[in-house]
Amino acid sequence: MSTPIILTELNEPGLERLAQEVAFWLVPGDLLLLDGDLGAGKTTFARALIRALSGDDALEVPSPTFTLVQTYDTRRFTLAHFDLYRLEDPSELVELGLDQALQRGAAVIEWPSRAAAQLPPERIALTITESTSIDHRHVALTASRDIASRLARFADIRRFAERNGWGSPDTRLSYLQGDASARRYARLEKPNGARAILMDAPRQPDGPPIRDGKPYSRIAHLAEDVRPFVAISHALRASGFSTPEIFAHDLD
């Protein structure tokens, strides 16, 4: 597993904001395990996550304690919410359709310890523990080796938002449908109405050479990182043209 990302003293709005960030980060095929004692806040987090994925703050999200699994067709992919507290034998997980759920979309599991070795090795684990303050929680995030680099980028994005004034618990983060590129977008909105767009634009490595020793990205003059976006925006604004204002950027 990856080095844990430790978040301390999160109140309920902070836990909900974290759920919004995780919702932005999740992709089809992801398995998210929610660990923690009874009453730690697993269901609170799961509900916030499902509402963020659905784009509906009023969505009814019943606990699947008795049904064991509840499925949601969100705007981006199907999400299966499992609660294994009443699971009598780990082999029952096969009958609940976890494999099929991961083929259709993503899955979040409360009480994953009840499934023992039946869970696939590729997973993200989110552990919630109580703080000395009754209204606060500590959270630890880890991921299997194949997902570790994605989790590291998740931490980078979270720190970037925090240090530039867009990471507070009362600032809403919601996924924004983008284009067909590798870039991803989220809308950020503060209680006072201030808004911003977060663009996650990972650097794209050159592909194999296809003509005159050059890869397609060089031939088509594709942007390989965020530098062209920043440079062109600044140049156009300096010349008096109207372009989106860049509040903050991290070129690396």
Side-chain angles (χ1 to χ4, degrees), residues 7 10-36 40-85 96-112 123-126 128 137 139 141 143 147 150-151 153-154 157-158 161 166-180 182-191 193 195-200:
L7 308 173
L10 296 181
N11 57 11
E12 187 169 338
L15 201 62
E16 291 177 353
R17 165 61 190 248
L18 177 61
Q20 294 167 10
E21 293 167 335
V22 172
F24 172 67
W25 175 68
L26 281 182
V27 297
D30 278 347
L31 173 61
L32 176 63
L33 309 182
L34 300 183
D35 273 316
K42 300 185 297 297
T43 301
T44 297
F45 180 90
R47 284 180 175 143
L49 176 75
I50 294 166
R51 286 169 179 158
L53 283 168
S54 301
D56 184 358
D57 290 341
L59 180 69
E60 184 68 25
V61 183
S63 173
T65 301
F66 294 101
T67 59
L68 298 185
V69 60
Q70 181 75 34
T71 302
Y72 299 87
D73 291 321
T74 75
R75 293 179 176 180
R76 292 164 53 202
F77 48 76
T78 299
L79 182 78
H81 179 199
F82 293 81
D83 186 328
L84 306 184
Y85 185 74
L96 292 176
L98 177 61
D99 289 343
Q100 292 86 345
L102 293 175
Q103 291 171 5
R104 293 194 305 267
V108 55
I109 297 181
E110 297 184 48
W111 300 101
R123 82 274 299 265
I124 306 131
L126 188 150
I128 305 174
R137 298 292 186 267
V139 174
L141 273 162
I147 310 176
R150 284 181 52 214
L151 184 60
R153 188 167 185 85
F154 169 85
I157 291 172
R158 196 171 196 277
W166 295 91
S168 63
D170 59 358
T171 297
R172 180 178 179 81
L173 184 151
S174 54
Y175 179 86
L176 183 64
Q177 184 63 46
D179 50 27
R183 296 184 294 273
R184 296 189 306 159
Y185 302 87
R187 177 180 285 112
L188 298 165
E189 184 171 3
K190 296 182 178 181
R195 295 183 177 184
I197 297 295
L198 170 69
M199 181 175 75
D200 174 23

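Sequence positions, counted from 1, serve as the residue numbers for this chain.
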For [X], which residues count as a side-chain hydrogen bond (donor to acceptor under 3.5 Å, both in side chains) partner, sequence neighbours excluded?
X    : value
R17  : E21
R172 : D57
T65  : S63, D83
Y185 : R183

| What residues, two or more places apart in sequence or in another chain, satisfy ring pair (Phe, Tyr, Trp, His ring centres under 6.0 Å) together with F24? |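 For F24 there are no ring pair (Phe, Tyr, Trp, His ring centres under 6.0 Å) partners, ignoring immediate neighbours.
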
| query | Taking only residues two or more places apart in sequence or in another chain, which ones pass ring pair (Phe, Tyr, Trp, His ring centres under 6.0 Å) with W166? | reply |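 None.
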
| task | Kindly state each residue pair satisfying side-chain hydrogen bond (donor to acceptor under 3.5 Å, both in side chains) with at least one member in residues 46-56, sequence neighbours excluded. | result |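 Passing the test, one end in residues 46-56: no pairs.
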
| field | Residue pairs fulfilling side-chain hydrogen bond (donor to acceptor under 3.5 Å, both in side chains) with at least one residue in residues 99-110, sequence neighbours excluded | value |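 Residue pairs passing side-chain hydrogen bond (donor to acceptor under 3.5 Å, both in side chains), neighbours aside: T43-E110, H81-E110.
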
| Which pairs, with at least one residue in residues 26-36 and sequence neighbours excluded, count as a salt bridge (charged side-chain N to carboxylate O under 4.0 Å, His left out)? |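 Counting only pairs at least two positions apart or across chains, the salt bridge (charged side-chain N to carboxylate O under 4.0 Å, His left out) contacts touching residues 26-36 are D30-R150.
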
| task | Mind jotting down which residue pairs meet the salt bridge (charged side-chain N to carboxylate O under 4.0 Å, His left out) criterion with at least one end in residues 67-80? Sequence neighbours excluded, please. | result |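 Those involving residues 67-80 do not exist here.
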
| said: So, using side chain to side chain contact (heavy atoms under 4.5 Å, CB included) as the criterion, who are the partners of E189 when residues are at least two apart? | reply: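 Here the qualifying residues are R195.
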
| request: Could you list the residues that satisfy side chain to side chain contact (heavy atoms under 4.5 Å, CB included) with P28, not counting sequence neighbours? | output: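 P28: side chain to side chain contact (heavy atoms under 4.5 Å, CB included) contacts with F77.
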
